Engineer: 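Below is a structure I'd like to ask you about.
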Number of protein chains: 2
Amino acid sequence: MSVTIHQVAAEAGVSPSTVSNVLNGRSDRMLPQTRERVEEAIARLGYRPNGPARQLRTGRSQVLGLVVPSVANPFWGTFARHLEAAALRAGHRVLLCNSERDPARERDYLEELWADGIRGVVLCSSLPSLEHVLPLVEQGLTLVAFDRTAQAGDPPSLVNISVDNAVGAELATRHLLQLGHRRLAFVSGSLRSVNRRARFRGFEAALEGFGLTAEDTVVWSGAADHDYGDLDFPDLGRSAARELLATGRPPTAIVALNDMCALGIIAGARDAGLQVGTDLSVVGFDDIVLADLASPPLTTIRQPLPAMADAAFAHLHAGVGGTSGTGGARSGGGSLLLRPELVVRSSTGPAPRA
Amino acid sequence: MSVTIHQVAAEAGVSPSTVSNVLNGRSDRMLPQTRERVEEAIARLGYRPNGPARQLRTGRSQVLGLVVPSVANPFWGTFARHLEAAALRAGHRVLLCNSERDPARERDYLEELWADGIRGVVLCSSLPSLEHVLPLVEQGLTLVAFDRTAQAGDPPSLVNISVDNAVGAELATRHLLQLGHRRLAFVSGSLRSVNRRARFRGFEAALEGFGLTAEDTVVWSGAADHDYGDLDFPDLGRSAARELLATGRPPTAIVALNDMCALGIIAGARDAGLQVGTDLSVVGFDDIVLADLASPPLTTIRQPLPAMADAAFAHLHAGVGGTSGTGGARSGGGSLLLRPELVVRSSTGPAPRA
DNA sequence: CTGAAAGCGCTAACAC
DNA sequence: GTGTTAGCGCTTTCAG
């Protein structure tokens with residue numbers, strides 16, 4: 001059906017191995033004219049080497065796997081695009097998998113990717129334990145865990161790439177405190193994932209720095225039995241806003257788990273007739289594309305996604321952690337912890353006078 | 001490195017071909033006990049057939065390609081997730097490619113996918129001409145064009161799947177007219193793509209239905225020389241709002257090319273101190289996840305993405321257009337034109353009194 | 001009902 | 001410098 005290396009060889013009057021040699025850059029030990037003849041033949045026939053055959057032979061794949069909770073979430077969509085861009089520059093492609101945050105699906109996907117000959121995967125999972133995936137790593141899968149920090153019991157070869165969530169949340173909270181807010185809420189779903197816990201720690205740290213106690217704060221983590229999926233963050237925020245604002249002593253500022261959740265909170269506050277930015281301040285996390293477009297534009301913590309995607313790909317590509325060259329990165333034990341940045345817009349403002 | 005079919009055969013005390021037979025469902029002509037022994041061996045060894053080898057032999061791939069403008073756009077991210085879900089149900093995977101609406105990248109990607117043995121691709125391109133991709137289709141690539149309708153010169157095997165853009169825009173425009181608006185604007189980037197043109201036709205059709213002339217309408221299609229990418233829709237909307245609202249006789253209602261653009265318009269209107277829903281009405285297109293979350297929630301035209309994704313996969317999977325079973329679909333010449341739906345929220349309201 | 005053998009398209013020693 | 005050769009892991013006739 002397609003043109004093969006033999007046809008190219010015949011066209012150029014050489015043997016298949018010579019064609020293979022030019023294909024693989026071993027043209028130094030070859031007459032220039034031979035190389036040219038081969039290249040012309042390739043161009044004339046529109047030949048492209050057969051990927052599967054090549055892969056079967058070499059064991060190497062030009063495809064890498066990306067497992068995200070859901071690309072319908074703009075944050076993951078944006079990350080996917082950056083990763084793909086990095087891969088493309090090196091002639092690689094990206095196979096996309098949505099896990100819906102289900103560990104079983106994560107494992108199934110990694111196994112399928114492995115069976116497909118894919119040896120490098122970026123797993124965006126913030127599950128504390130990666131044991132469901134350990135066998136593959138031991139078998140030789142190069143794994144980059146994204147949006148997750150190193151945990152005890154991780155395989156030694158694992159590289160984690162994440163923003164410093166505690167610092168981010170602390171930045172967000174301190175911003176609110178400096179604006180004079182003293183009654184704060186932290187809105188999150190369940191605190192099972194490592195990054196949510198880290199963000200909560202940052203929230204607490206900032207409060208302590210201002211001498212505030214638990215009395216002054218509210219934590220809202222949703223109905224314990226309801227497991228919010230990635231697309232339910234807005235609903236979560238909306239419910240949180242509804243409940244929090246109906247209490248006798250509502251918070252004047254809210255730190256949201258992420259931007260999607262923050263947008264839900266804003267919607268909920270609007271439902272309640274509050275003006276976000278004056279009556280109520282809200283900070284998000286991620287700085288998704290639409291944060292800037294919200295009404296009011298969302299104050300948030302920006303994750304340096306392009307740098308993170310580059311680092312993830314570099315590690316997969318090299319097989320060894322490329323710690324260097326990632327400006328501003330702090331590295332520890334093969335893992336990368338990048339510093340997030342506060343972006344002030346208008347969803348936050350001075351605390352209303354009591 | 002990995003366990004092969006030979007090891008399974010040895011473990012089960014049979015030959016490789018017998019293992020292959022059970023793998024491929026040819027177990028009817030086989031002693032049940034033999035099959036069991038093989039299945040046990042497979043389970044015991046954790047064997048998974050090697051994809052590339054299988055593919056090299058059969059020519060079939062379990063992977064299909066998806067080329068979208070940019071998954072950072074939530075509309076495409078959502079579509080990608082639906083397509084992946086449909087593929088997953090049939091044991092297929094999806095290779096994701098961002099074209100950034102660049103025809104050269106579309107072609108390059110399709111060629112790479114073909115070389116990788118991928119024989120079915122969903123191309124989300126609304127370019128009027130698909131000639132840059134024709135050679136591959138002639139070679140045997142099964143192509144589904146998404147968000148595009150049939151054009152003269154299309155290869156006969158091509159299947160187009162799209163919402164009826166003209167009907168959608170007409171629905172949107174009529175809604176505005178029924179609310180009493182008489183001075184309308186249509187905001188779009190350049191009108192090169194077929195779906196933008198169709199939407200514009202729908203806009204015009206609705207106006208004609210109400211006896212309005214070009215005098216009463218404004219069309220804003222951006223700086224002619226500036227090519228807006230997929231992530232620039234919000235900027236486009238914002239610029240449009242700024243310019244349109246600064247004119248002497250500004251429109252009271254705007255039909256936006258899509259939701260991202262509409263969100264930009266809303267932001268621009270807010271910048272100008274207008275209240276969207278009362279001072280100015282805005283309708284979007286697509287019904288992305290965040291439409292419901294905007295302030296005010298966006299009135300828009302919903303595309304039935306799950307049905308569209310299912311149809312796209314079904315066609316790729318069958319190799320033949322599965323016209324039936326896609327409820328509410330109108331089919332024509334192997335292409336599918338689905339009916340969009342108006343979703344009224346609060347970004348539209350009665351025309352302000354003159 | 002099961003096994004032996006050939007070969008998909010390519011690469012990488014190793015001869016020549 | 002270039003060609004020959006032997007598979008990578010799997011499927012699939014065709015014998016037995």
Side-chain angles (χ1 to χ4, degrees), chain A residues 1-39 41-42 45-63 91 112 114-119 139-140, chain B residues 1-39 41-42 45-63 91 112 114-119 139-140:
Chain A
M1 196 114 161
S2 260
V3 28
T4 76
I5 201 172
H6 288 95
Q7 303 177 38
V8 177
E11 176 85 13
V14 297
S15 81
S17 44
T18 300
V19 179
S20 171
N21 282 334
V22 346
L23 245 41
N24 293 284
R26 277 184 290 273
S27 48
D28 42 334
R29 305 179 172 181
M30 192 184 298
L31 288 181
Q33 39 169 318
T34 309
R35 211 195 64 175
E36 273 174 27
R37 274 218 317 283
V38 171
E39 283 172 344
I42 289 178
L45 269 48
Y47 168 72
R48 307 206 64 155
N50 176 309
R54 178 178 252 182
Q55 187 180 337
L56 178 58
R57 186 62 239 248
T58 62
R60 283 186 295 275
S61 168
Q62 299 285 88
V63 176
E112 273 165 19
W114 176 266
D116 277 355
I118 290 172
R119 295 296 172 260
Q139 228 172 119
Chain B
M1 196 113 164
S2 261
V3 28
T4 75
I5 202 171
H6 289 94
Q7 302 177 39
V8 176
E11 177 84 11
V14 296
S15 82
S17 40
T18 300
V19 178
S20 171
N21 282 334
V22 349
L23 245 41
N24 294 285
R26 276 183 291 272
S27 47
D28 43 333
R29 306 181 173 183
M30 191 184 302
L31 288 180
Q33 40 169 321
T34 308
R35 211 194 66 176
E36 273 175 28
R37 275 218 316 285
V38 171
E39 282 173 344
I42 289 178
L45 269 47
Y47 167 73
R48 307 206 64 152
N50 177 309
R54 178 176 255 186
Q55 188 180 338
L56 178 57
R57 187 62 240 251
T58 63
R60 283 185 295 276
S61 169
Q62 299 285 86
V63 175
E112 273 166 17
W114 176 264
D116 277 355
I118 291 172
R119 296 295 172 261
Q139 229 171 120

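Computed from heavy atoms alone, side chains included, the values below leave out hydrogens, waters and symmetry copies. Keep in mind it's a predicted model, so treat the numbers as computed, not measured. Lettering of chains follows the sequences in order, A, B, ..., and the numbering in each one begins at 1.
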Engineer: Identify the two heavy atoms, one from Pro16(A) and one from Ala9(A), that lie closest to each other, and give their separation to 0.1 Å.
Structural biologist: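 Nearest pair, atom of Pro16(A) first, then Ala9(A): N-CB, 3.6 Å.
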Engineer: Can you tell me how far P of dG9(C) sits from CH2 of Trp114(B), to the nearest Å?
Structural biologist: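 Atom-to-atom, Trp114(B) to dG9(C), this comes out as 12 Å.
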Engineer: In B/S/- notation, 5' to 3', how is nucleotides 10-16 of chain C contacted by protein heavy atoms closer than 4.0 Å?
Structural biologist: BBB----
Engineer: Under the rule for side-chain contact (heavy atoms from CB on, under 4.5 Å), what residues qualify as partners of Leu45(B), not counting sequence neighbours?
Structural biologist: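 By the side-chain contact (heavy atoms from CB on, under 4.5 Å) rule, Leu45(B) matches Val3(B), Gln7(B), Val8(B), Glu11(B).
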Engineer: Send over the distance from Met30(B) CE to dT11(D) P, rounded to a whole Å.
Structural biologist: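 The answer, rounded to whole Å, is 12 Å.
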Engineer: With sequence neighbours left out, which residue pairs that include part of residues 52-63 of chain A fulfil the salt bridge (charged side-chain N to carboxylate O under 4.0 Å, His left out) condition?
Structural biologist: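 Sorted pair list comes back empty.
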Engineer: With a 6.0 Å cut-off (strictly less than), is the heavy-atom count around CZ of Arg37(A), excluding the residue itself, greater than 12?
Structural biologist: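 Yes - once you tally the heavy atoms of other residues, nucleotides and ligands closer than 6.0 Å, there are more than 12.
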Engineer: Taking side chain as C-beta onward, heavy atoms only, is Val22(B) less than 4.5 Å from Thr34(B)?
Structural biologist: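 Val22(B) vs Thr34(B): side chains apart.
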Engineer: Name the nucleic acid region contacted by Leu31(B), choosing base, sugar-phosphate or nothing; use a 4.0 angstrom heavy-atom cut-off, strictly under.
Structural biologist: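 Sugar-phosphate contact only.
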